[in-house]
*Asks:* 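The structure under discussion is supplied below as structure tokens; questions concerning it will follow.
Just so we're clear, the structure is a prediction, and the values are computed from it rather than from any experiment. Labels below follow one simple rule: chain letters A, B, ... track the order of the sequence lines, proteins then strands, and each chain is numbered from 1.
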Protein chains: 2
Amino acid sequence: MGIAEDKVLTNLRKGVLEFCLLALLRDGEWYGLDIARRLSEQGLLAGEGTVYPLLSRLRRSGLVTTEWSESDVGRPRRYYTLTDLGRENLRAFSEVWGPFRRTVDTILETKP
Amino acid sequence: MGIAEDKVLTNLRKGVLEFCLLALLRDGEWYGLDIARRLSEQGLLAGEGTVYPLLSRLRRSGLVTTEWSESDVGRPRRYYTLTDLGRENLRAFSEVWGPFRRTVDTILETKP
DNA sequence: TGCTGATGCCTTGCATTGCCCGGTATGTTG
DNA sequence: CAACATACCGGGCAATGCAAGGCATCAGCA
């Protein structure tokens with residue numbers, strides 16, 4: 001009975017994942033699978049397949065730009081770059097995240 | 001373009017709301033509308049109607065128990081009490097929330 | 001040459017869950 | 001009796017992470 005442990009993390013990821021992805025792109029360009037691996041390492045992503053729909057959405061929203069790797073030895077990769085709009089959205093999220101996190105902390109820390 | 005501000009908070013609430021509700025019940029018994037008001041004050045709930053499906057789910061899962069207010073002057077109220085299972089789930093969430101919050105903070109704080 | 005596996009991209013259908021809108025019932029007040 | 005506030009509840013909607021699988025290219029090897 002009760003609530004499954006996995007579900008907890010799954011629901012926490014919602015609303016955070018896409019901005020953590022944007023934050024990753026602050027540091028440089030990455031391609032899909034690499035982004036997926038990095039996010040998975042930090043427990044923010046369950047499977048690699050999850051990241052592609054997200055990346056498509058970010059691209060359609062104009063938060064990231066893509067560029068195919070030309071004249072590369074391996075498989076062609078699609079590299080993602082943060083746009084100014086993406087950078088602004090990331091900053092906006094940070095301002096929402098701070099108070100939100102503090103609110104939750106306060107409620108949880110109240111002594112029984 | 002970009003991502004709407006409202007959506008950000010909406011998605012953040014998912015996965016947090018039900019545990020903040022449980023945390024409220026740690027301090028005593030409350031009835032539906034009162035719970036809704038308290039959560040709304042802290043920006044964790046958009047409308048009062050949202051809380052009732054959630055409360056039903058928590059009841060079916062055995063995390064809370066309910067008791068109708070007897071011999072009260074006003075309308076009958078359904079009071080919610082935290083069960084042992086609910087208390088345990090709340091504790092389990094706290095242990096997940098801590099590391100999760102730290103991870104997100106770390107990613108966001110990385111300097112560009 | 002032809003098979004196998006790894007890499008990398010992507011799509012489809014699903015489940016969860018908060019939100020919005022509306023409905024019911026009871027008590028108080030003019 | 002009408003109107004309003006209180007208090008409960010349900011149904012349909014939308015967003016989004018997840019699981020599973022498909023397709024294409026290249027390297028290694030017999």
*Asks:* Checking side chain to side chain contact (heavy atoms under 4.5 Å, CB included) between A/L45 and each of A/L54, A/L39, A/L21, which is the one that passes?
*Replies:*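 By the side chain to side chain contact (heavy atoms under 4.5 Å, CB included) criterion, A/L45 pairs with just one of A/L54, A/L39, A/L21: A/L39.
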*Asks:* Charged N to carboxylate O below 4.0 Å: is that the case for B/R37 and B/E41?
*Replies:*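 Salt bridge flag = no for B/E41 with B/R37.
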*Asks:* For the side chain of B/L33, counting heavy atoms from C-beta on, which of D/dT6, D/dG17, C/dC20 is nearest?
*Replies:*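 Ranking D/dT6, D/dG17, C/dC20 by closest atom to the B/L33 side chain puts D/dT6 first.
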*Asks:* State whether A/N11 places a side-chain N or O below 4.0 Å from either non-bridging phosphate oxygen (OP1 or OP2) of C/dT17.
*Replies:*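 For C/dT17, OP1/OP2 do have a side-chain N/O of A/N11 under 4.0 Å.
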*Asks:* Keeping A/T66 on the side-chain end and A/Y79 on the backbone end, is there a donor-acceptor pair under 3.5 Å?
*Replies:*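 Side chain of A/T66 to backbone of A/Y79, a donor-acceptor pair under 3.5 Å: no, none is there.
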*Asks:* Please enumerate all protein N or O atoms sitting under 3.5 Å from an N or O of nucleotides 10-12 of chain D, with distances to 0.1 Å.
*Replies:*
none

*Asks:* Does OP1 or OP2 of C/dT16 have a side-chain N or O of A/R13 closer than 4.0 Å?
*Replies:*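 Negative; the distance criterion is not met.
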*Asks:* Would you tell me if any nitrogen or oxygen in the side chain of A/R77 comes within less than 4.0 Å of OP1 or OP2 on C/dC9?
*Replies:*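 Answer no for this pair, as no side-chain N or O of A/R77 is under 4.0 Å from OP1 or OP2.
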*Asks:* How far does the helix from C/dT1-D/dA30 to C/dG30-D/dC1 bend, going by the axes of its first and last five pairs, to the nearest 10°?
*Replies:*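 Roughly 10°, once rounded to the nearest ten degrees.
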*Asks:* Nearest whole angstrom, please: distance from the P of D/dT16 to the CG of B/L12.
*Replies:*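 The distance from CG of B/L12 to P of D/dT16 comes to 11 Å, rounded to the nearest Å.
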*Asks:* Mind checking what makes side-chain hydrogen bond (donor to acceptor under 3.5 Å, both in side chains) contact with B/W97, not counting sequence neighbours?
*Replies:*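 Residues passing side-chain hydrogen bond (donor to acceptor under 3.5 Å, both in side chains) with B/W97: A/D105.
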*Asks:* Parallel, tilted or perpendicular, judged at 30° and 60°: which one describes the rings of A/F19 and A/F93?
*Replies:*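 Correct class here is parallel.
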*Asks:* Do any side-chain nitrogens or oxygens of B/Y31 fall under 4.0 Å of OP1 or OP2 in D/dC8?
*Replies:*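 B/Y31 to D/dC8 OP1/OP2: no side-chain N or O under 4.0 Å.
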*Asks:* Is there a donor-acceptor pair closer than 3.5 Å between any side-chain N or O of B/R101 and the backbone N or O of A/R102?
*Replies:*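 It does not hold such a pair.
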*Asks:* I want to check one thing: is the phosphate of C/dT16, taken as OP1 and OP2, less than 4.0 Å away from some side-chain N or O of B/R57?
*Replies:*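 No.
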*Asks:* From the options D/dG17, C/dG8, C/dC10, select the nucleotide whose nearest atom is closest to the side chain of A/L17.
*Replies:*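 Selected nucleotide: D/dG17.
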*Asks:* Under 3.5 Å, side chain of A/R13 to main-chain N/O of A/G43, donor-acceptor pair present?
*Replies:*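 Here the side-chain-to-backbone pair exists.
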